[in-house]
A.B. asks: 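There's a structure below that I have some questions on.
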2 protein chains.
Amino acid sequence: MPRPPAQTDLAVLGALSLAPMSGYRVRQEIVSTLGHFWTESFGQIYPALARLEARGDVGRDDAGRFTLTPAGRGRLRALLQTPPEIGPPRNGLLLRLFFGREAGRRTCLDLLAETEQEVTRRLAGLAETRATLDPTDPDERYALLTLSAGEHQGRATLAWIAETRAALESWPD
Amino acid sequence: MPRPPAQTDLAVLGALSLAPMSGYRVRQEIVSTLGHFWTESFGQIYPALARLEARGDVGRDDAGRFTLTPAGRGRLRALLQTPPEIGPPRNGLLLRLFFGREAGRRTCLDLLAETEQEVTRRLAGLAETRATLDPTDPDERYALLTLSAGEHQGRATLAWIAETRAALESWPD
DNA sequence: TGCTTCATGTAATAAGTTACATGATTGC
DNA sequence: GCAATCATGTAACTTATTACATGAAGCA
């Protein structure tokens, strides 16, 4: 029998640890703050909920919303201690830049400009989310730590872009 | 008919733009320097080569090695100008940290420590690869730019870890 | 009443890894 | 001669997305 995708279970159980909610809301919860660094689609969430309910990790309350059972909370805690699964790296920008000689300097600079815009947009999104969070709420303090990670990454990318642009422009063609 | 995965074609054509080589070597080429931010498996490479050969983008030389045809070079240049496909974000560390309240401070600190080790290893790998490259070679200059991106990202992650560790330790439990 | 959002689910499709099968070459 | 590496390919399996089908609830 196929082993269930543990990280999807983690995300679903985690969402339900905040409050009982429908599958639809689980998705919304994941999309909102968590969406900056994690996604789940309906095609994952509903089968996961069905699986978890069969296992006894989630139940239903009077209103029909999914709830986290004591067993589910235990499983969530166990999953939180497992090492993150690292996916194979796939960075489309760097793939293109690697063959930059073939593309020409102009194309590389264009790619960097597009990326810069996108990262800037992403940073703005993070700032917007940050503004909605309360630094004194014990739950939201952890969310702020994850936002901070995104901000560090984004700023590092911008710094690298500036450096790379300068390098490209200084080379003879 | 299913549209061929463009980024795999890009990686394969790019490898062949460096020199004619076997499919096996294409993989090795991708694994070595490019491997820090891109991967392809045999299950992708051989079908891609067959497809590209049928299209006339790659041919064979006397020794049976795959070569880039003029048409293939044109297609490579076209692909290099396409915007990178951005995959959905999936950061297992941040997913866990987000629900850190449930996990407890101790578990979060452990996760950070593991990540720190891994990033440090990754930075060492980048430095090792950097040492093998010649900054004056026009092809390898582009490879150095991509390595630099990895170094920026890695250092940013380490800085965020230090900051996050300090924050976690300052909180009341 | 009719429009939008909420809600649940499934089927088709896509993308990619792993493991296996098979054989040629090369170095010792 | 034998082991390791080079080389090509395929089949099974995972994982995940997208699109679709369906209908209830809220509100204008």
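Fair warning: this is a prediction, and the values are worked out from it, not measured in the lab.
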A.B. asks: Salt bridge check: are B/Glu102 and A/Arg77 linked by an N-O gap of less than 4.0 Å?
C.D. replies: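 Yes, charged N to carboxylate O under 4.0 Å.
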A.B. asks: Would you please confirm or rule out a distance under 4.0 Å between OP1 or OP2 of D/dA7 and any side-chain N or O of B/Tyr24?
C.D. replies: no
A.B. asks: Should A/Arg73 and A/Asp57 be marked as a salt bridge (charged side-chain N to carboxylate O under 4.0 Å, His left out) after you check the CA-CA gap, both sets of side-chain angles, and the distance that decides it?
C.D. replies: CA-CA 7 Å; A/Arg73 189 169 298 269; A/Asp57 286 338; over 6 Å; no
A.B. asks: Rounded to the nearest Å, what distance is computed from the CG atom of residue B/Asp9 to the C1' atom of nucleotide C/dG16?
C.D. replies: 14 Å
A.B. asks: Between B/Gly64 and B/Pro88, name the one whose nearest nucleotide on DNA chain D is closer to the 5' end.
C.D. replies: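 Of the two residues, B/Gly64 wins.
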A.B. asks: Rounded to whole Å, please give me the gap between CE in B/Met21 and C1' in D/dC6.
C.D. replies: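 Going from B/Met21 (CE) to D/dC6 (C1'), I get 15 Å.
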A.B. asks: What is the separation between atom CZ on B/Arg51 and atom P on C/dG16, rounded to the nearest whole Å?
C.D. replies: 10 Å
A.B. asks: Decide, yes or no, whether a salt bridge links A/Arg165 with A/Glu116 under the criterion of side-chain N to carboxylate O below 4.0 Å.
C.D. replies: yes
A.B. asks: Less than 3.5 Å apart, any donor N or O on the side chain of A/Glu40 or A/Trp38 sitting next to an acceptor on the other?
C.D. replies: yes
A.B. asks: Taking only side-chain nitrogens and oxygens of A/Gln28, does any of them come within less than 4.0 Å of OP1 or OP2 of C/dT5?
C.D. replies: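 Checking A/Gln28 against C/dT5: no side-chain N or O falls below 4.0 Å of OP1 or OP2.
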A.B. asks: State which of C/dG16, C/dA7, D/dA16 makes the closest approach to the side chain of B/Pro5.
C.D. replies: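 My answer, after comparing the listed nucleotides, is C/dG16.
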A.B. asks: Using the rule that two of Ile, Leu, Val, Met, Phe, Trp, Tyr join whenever any of their side-chain heavy atoms come within less than 4.5 Å, decide whether A/Phe98 and B/Leu126 are in one cluster.
C.D. replies: no
A.B. asks: Roughly, in whole Å, what's the span from CZ in B/Arg27 to P in D/dG9?
C.D. replies: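 For the pair B/Arg27 CZ and D/dG9 P, the rounded distance is 16 Å.
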A.B. asks: Closest heavy-atom contact between A/Thr8 and A/Ala48?
C.D. replies: CG2-CB, 4.0 Å
A.B. asks: Rounding to an integer number of Å, can you tell me how far A/Glu85 CD sits from C/dT17 C1'?
C.D. replies: 14 Å
A.B. asks: Rounded to whole Å, how long is the line connecting atom CZ of A/Arg90 with atom C1' of D/dT15?
C.D. replies: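 In whole Å, D/dT15 C1' lies 14 Å from A/Arg90 CZ.
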A.B. asks: Tell me whether the guanidinium CZ or amine NZ of B/Arg90 lies under 6.0 angstrom from the six-membered ring centre of A/Phe37 and within 45° of its axis.
C.D. replies: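 So B/Arg90 doesn't make the cation-pi contact.
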A.B. asks: B/Ile30 CD1 to C/dT17 C1': how many Å, rounded?
C.D. replies: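 Distance, rounded to whole Å: 15 Å.
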A.B. asks: Expected output is a numbered-order residue list: members of residues 33-50 of chain B with a heavy atom under 4.0 Å from any atom of DNA chain C. What is it?
C.D. replies: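 Residues of residues 33-50 of chain B that come under 4.0 Å of DNA chain C are, in numerical order, B/Thr39, B/Ser41, B/Gly43, B/Gln44.
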